*Asks:* 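I have a structure here, written as structure tokens, and I will follow up with some questions on it.
Just so it is clear, the structure is predicted and the values come from calculations on it, not from any experiment. All chains are named by letter (A, B, ...) in the order of the sequence lines, taking the proteins before the strands, and each is independently numbered beginning at 1.
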Amino acid sequence: MIPAVRGTRDVVPGEVERWQHLEQVAHDVCRRYGYREVRTPVIEREELFAKGTGESTDIVQKEMYAFTDKGGERVTLRPEATPSVVRAFVQHALEQALTEAKLYAIGPMFRYERPQKGRYRQFHQLDVEAFGVEAPALDAEVIEMAAHLVAELGIADAELVINTVGCPECRPAFSRALLDALGDRVAELCGDCRRRARTNPLRIFDCKQPADQPVIDGLPHTVDYLCPPCSEHFAAVREALEAFGVEYRVSHRLVRGLDYYRRTTFEILGRALGAQDALLGGGRYDGLVRQLGGPDRAGIGFAAGLERLVLAMPPDAAVAAPPDAYVVAIGEEARQPAQVLARDLRHAGLCTLVDYDARSPRSQMKRAGKAQAGQVLILGADELAGGRVSLKDMNTGEQEAVPRGDVVDRLRRMQKDCVAS
RNA sequence: GUGAGUGUAGCUCAGCGGUAGAGCGCCGGACUGUGGCUCCGGAUGUCGGGGGUUCGAAUCCCCUCACUCACCCCA
């Protein structure tokens, strides 16, 4: 047996229904909020992520499936969707074509990491991006939409956390304040934190080492170092969220790892997930479109991890629908007519199973019962002689002979009643 | 890249030096044209892989691979 590649997985019947439900809800929520779908390639030029995601991020430094193709081009499997969506937005001048530049994408992403609960090398994201609006009203709408998506999926144990990371105007001052406050105590922190202090001081807030917490708790907060525009923006976002009645917690420790974030950042955490508990995360990235060669447009969005959402969805969120009908053929002369009957039912829209192997009637009934078929249609010598089909309701056990010509309509009506009720 | 744990039937697991097992599931029969309950029967394993110790290894030792969880980082 040749197993699936490490960190990749099959979604098999039984679980795939949950994915189908999730995708249907995702498409529907996006549509209602005015987003249009865009499908971008899973393979891109490596430089797109070097410039977009950021050279300093772990994603770019060590997690990309990058290689040189046969034409000598440096390409990579996409590790995230935002730069791709921005590229498509710029490349096709979509702001000209759309009244609102709101785009979403669903698909696989690839990062070379050690797999663990809620994290895979091939994973899937719903990526939602809106361009060209600087107003805090959009920040709040995007966050509210994310919360609504989670709620719509029936995920109750979720917590919305928001923060602001300032902008290129005010962030350097905050980083300095952070390092000043830390002073010599940097040496007391764990190795990761000492490294962060040099590369990206804000990320010290991500530390999970219990021993480091007392020091980190004493550090200054971004909100106290924002420039006036950033400060006003954050206040307006919070005000709008409150008007929506969205519950949230402000955490000055929510920093997020991607280089392009400005101002608003947010995450929704799932409580039943394990260590990788972010169901979705995002924020504002006002400089990114321009940095990738487009016009100077603001941007904001989020990425939701589909594996994590599936994990967090209630156990009974979606199950496969049982077949409408099972056609039982008794005797050799009934086999072909049974296939034709099954064909007719299928053409009429009914999910129909039929036996191929001349099993005993008992065996066929057992299979119909196991498949939870609603109706069993029995075709044997008696029925063929009378031009009828025996129709057995598997829930009540009642059985009656129905003229062959009426069977399809009869079942179709029963199915409609079933859907209606 | 680092650390810990686990690999035995399709699934959940027992067996821990002496002939590979149970429950569930699957297939068939009792009921030769009628499911669910019951009973009876059946199939299925390179005991993750390789090497070593031993008269003898699923069991002990070494290596390796995979999975799981956690770190890093992130969805």
*Asks:* What integer distance in Å separates A:Met109:CE from B:rA75:P?
*Replies:*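 Going from A:Met109 (CE) to B:rA75 (P), I get 11 Å.
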*Asks:* Let's test this: given Watson-Crick or G-U wobble pairing with both distances under 3.5 Å, identify the partner of B:rC71.
*Replies:*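 Base-paired to B:rG1.
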*Asks:* Pick the nucleotide of RNA chain B nearest each of A:Leu273 and A:Gln276; which residue has the one closer to the 5' end?
*Replies:*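 The answer here is A:Leu273.
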*Asks:* Closer than 4.0 angstrom, basic N to acidic O: yes or no for A:Glu129 and A:Lys102?
*Replies:*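 No.
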*Asks:* For A:Ala342, what residues pass the side chain to side chain contact (heavy atoms under 4.5 Å, CB included) criterion, not counting sequence neighbours?
*Replies:*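 A:Ala342: side chain to side chain contact (heavy atoms under 4.5 Å, CB included) contacts with A:Val327, A:Arg346, A:Thr352, A:Val354.
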*Asks:* Mind listing the side-chain donor-acceptor pairs of residues 214-223 of chain A below 3.5 Å, one per line with the distance, residues two or more places apart or on another chain?
*Replies:*
unit_1: A:His221; atom_1: NE2; unit_2: A:His252; atom_2: NE2; d: 3.3
unit_1: A:Thr222; atom_1: OG1; unit_2: A:Thr164; atom_2: O; d: 3.3

*Asks:* Does a salt bridge link A:Arg271 with A:Asp277, judged by any charged N lying under 4.0 Å from a carboxylate O?
*Replies:*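 Answer for the salt bridge query: no.
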*Asks:* List every contact pair, protein side and nucleotides 40-46 of chain B side both N or O, where the distance is under 3.5 Å.
*Replies:*
none

*Asks:* Sort out the partner of B:rG21 for me: Watson-Crick or G-U wobble, both distances under 3.5 Å, none otherwise.
*Replies:*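 B:rC13 - that is the nucleotide pairing with B:rG21, both distances being under 3.5 Å.
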*Asks:* Roughly, in whole Å, what's the span from CG in A:Asp355 to P in B:rG28?
*Replies:*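 Checked: the CG to P distance equals 10 Å.
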*Asks:* Any N or O donor-acceptor pair linking the side chain of A:Lys392 to the base of B:rG35 at under 3.5 Å?
*Replies:*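 Yes, the side chain and the base share a sub-3.5 Å donor-acceptor pair.
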*Asks:* Provide, to the nearest angstrom, the distance between the CG atom belonging to A:Asp58 and the P atom belonging to B:rC71.
*Replies:*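 So the two atoms are 14 Å apart, to the nearest Å.
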*Asks:* Identify whether the distance between the nearest side-chain nitrogen and carboxylate oxygen of A:Arg111 and A:Glu80 falls below 4.0 Å.
*Replies:*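 Judged by the 4.0 Å cut-off on N to carboxylate O distance, A:Arg111 and A:Glu80 do not form a salt bridge.
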*Asks:* Between A:Arg410 and A:Glu400, is the closest basic N to carboxylate O distance under 4.0 Å?
*Replies:*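 Yes, charged N to carboxylate O under 4.0 Å.
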*Asks:* Over all strands shown, is A:Leu126 touching base, sugar-phosphate only, or nothing at heavy-atom distances under 4.0 angstrom?
*Replies:*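 Here A:Leu126 touches no strand at all.
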*Asks:* Does A:Gln399 make a side-chain donor-acceptor contact with the base of B:rG35, cut-off 3.5 Å?
*Replies:*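 Checked by distance alone, the answer is no.
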*Asks:* Inspect the contact between A:Lys392 and A:Glu398 and indicate whether a charged nitrogen and a carboxylate oxygen are less than 4.0 angstrom apart.
*Replies:*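 Between A:Lys392 and A:Glu398 there is no salt bridge, as every charged N stays at least 4.0 Å from the carboxylate O atoms.
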*Asks:* Near RNA chain B, counting only heavy atoms under 4.0 Å, which residues of residues 7-46 of chain A show up?
*Replies:*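 Heavy-atom contacts with RNA chain B come from A:Gly7.
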*Asks:* Applying the Watson-Crick and G-U wobble criteria at under 3.5 Å, what pairs with B:rG41? Answer none if nothing qualifies.
*Replies:*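 Checking every strand shown, B:rG41 finds its partner in B:rC27, with both distances under 3.5 Å.
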*Asks:* Listing time: all N or O pairs from protein to nucleotides 2-6 of chain B that are below 3.5 Å?
*Replies:*
unit_1: B:rU2; atom_1: O4; unit_2: A:Arg114; atom_2: NE; d: 3.4
unit_1: B:rU2; atom_1: O4; unit_2: A:Arg114; atom_2: NH1; d: 3.0
unit_1: B:rU2; atom_1: O4; unit_2: A:Arg114; atom_2: NH2; d: 3.3
unit_1: B:rG3; atom_1: O6; unit_2: A:Arg114; atom_2: NH2; d: 3.2

*Asks:* Determine whether more than 12 heavy atoms belonging to other residues, nucleotides or ligands lie under 6.0 Å from atom CD of A:Glu134.
*Replies:*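 Incorrect, the count does not exceed 12.
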*Asks:* If you look at every strand shown and take non-hydrogen atoms under 4.0 Å, does A:Asp382 touch a base, only sugar-phosphate, or nothing?
*Replies:*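 Result for A:Asp382 = base.
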*Asks:* May I ask which nucleotide in the shown strands pairs with B:rU32, Watson-Crick or G-U wobble, both distances under 3.5 Å?
*Replies:*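 Matched B:rU32 with nothing under the 3.5 Å cut-off.
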*Asks:* If you pin A:His124 and A:Gly274 to their nearest nucleotides in RNA chain B, which one's is more 5'?
*Replies:*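 Counting from the 5' end, the first nearest nucleotide belongs to A:Gly274.
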*Asks:* Hey, is CZ on A:Arg45 packed in by over 12 heavy atoms from elsewhere, all under 6.0 Å?
*Replies:*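 For A:Arg45, atom CZ is not crowded (no more than 12 foreign heavy atoms under 6.0 Å).
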*Asks:* Checking A:Arg121 against A:Tyr112: charged group under 6.0 Å from the ring centre and within 45 degrees of the axis?
*Replies:*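 Yes, a cation-pi geometry holds between A:Arg121 and A:Tyr112.
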*Asks:* Are A:Glu44 and A:Arg87 ion-paired here, with the side-chain N under 4.0 Å from a carboxylate O?
*Replies:*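 Counted as a salt bridge, because a side-chain N and a carboxylate O are separated by less than 4.0 Å.
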*Asks:* Quick check on contacts: within residues 363-371 of chain A, what sits under 4.0 Å from RNA chain B by heavy-atom distance?
*Replies:*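 Result for residues 363-371 of chain A: A:Ser363, A:Met365, A:Lys366, A:Arg367, A:Lys370, sorted by number.
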*Asks:* Does any N or O donor sit under 3.5 Å from an N or O acceptor when you compare the side chain of A:Arg111 with the base of B:rA75?
*Replies:*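 Such a pair is found, so the answer is yes.
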*Asks:* Does the cation-pi check pass for A:Arg9 over A:Tyr120, that is, NZ or CZ under 6.0 Å from the six-membered ring centre and within 45° of its axis?
*Replies:*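 The answer is yes; both the distance and angle limits are met.
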*Asks:* Hey, is A:Glu152 close enough to A:Arg32 for a salt bridge, meaning N to O under 4.0 Å?
*Replies:*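 Counted as a salt bridge, because a side-chain N and a carboxylate O are separated by less than 4.0 Å.
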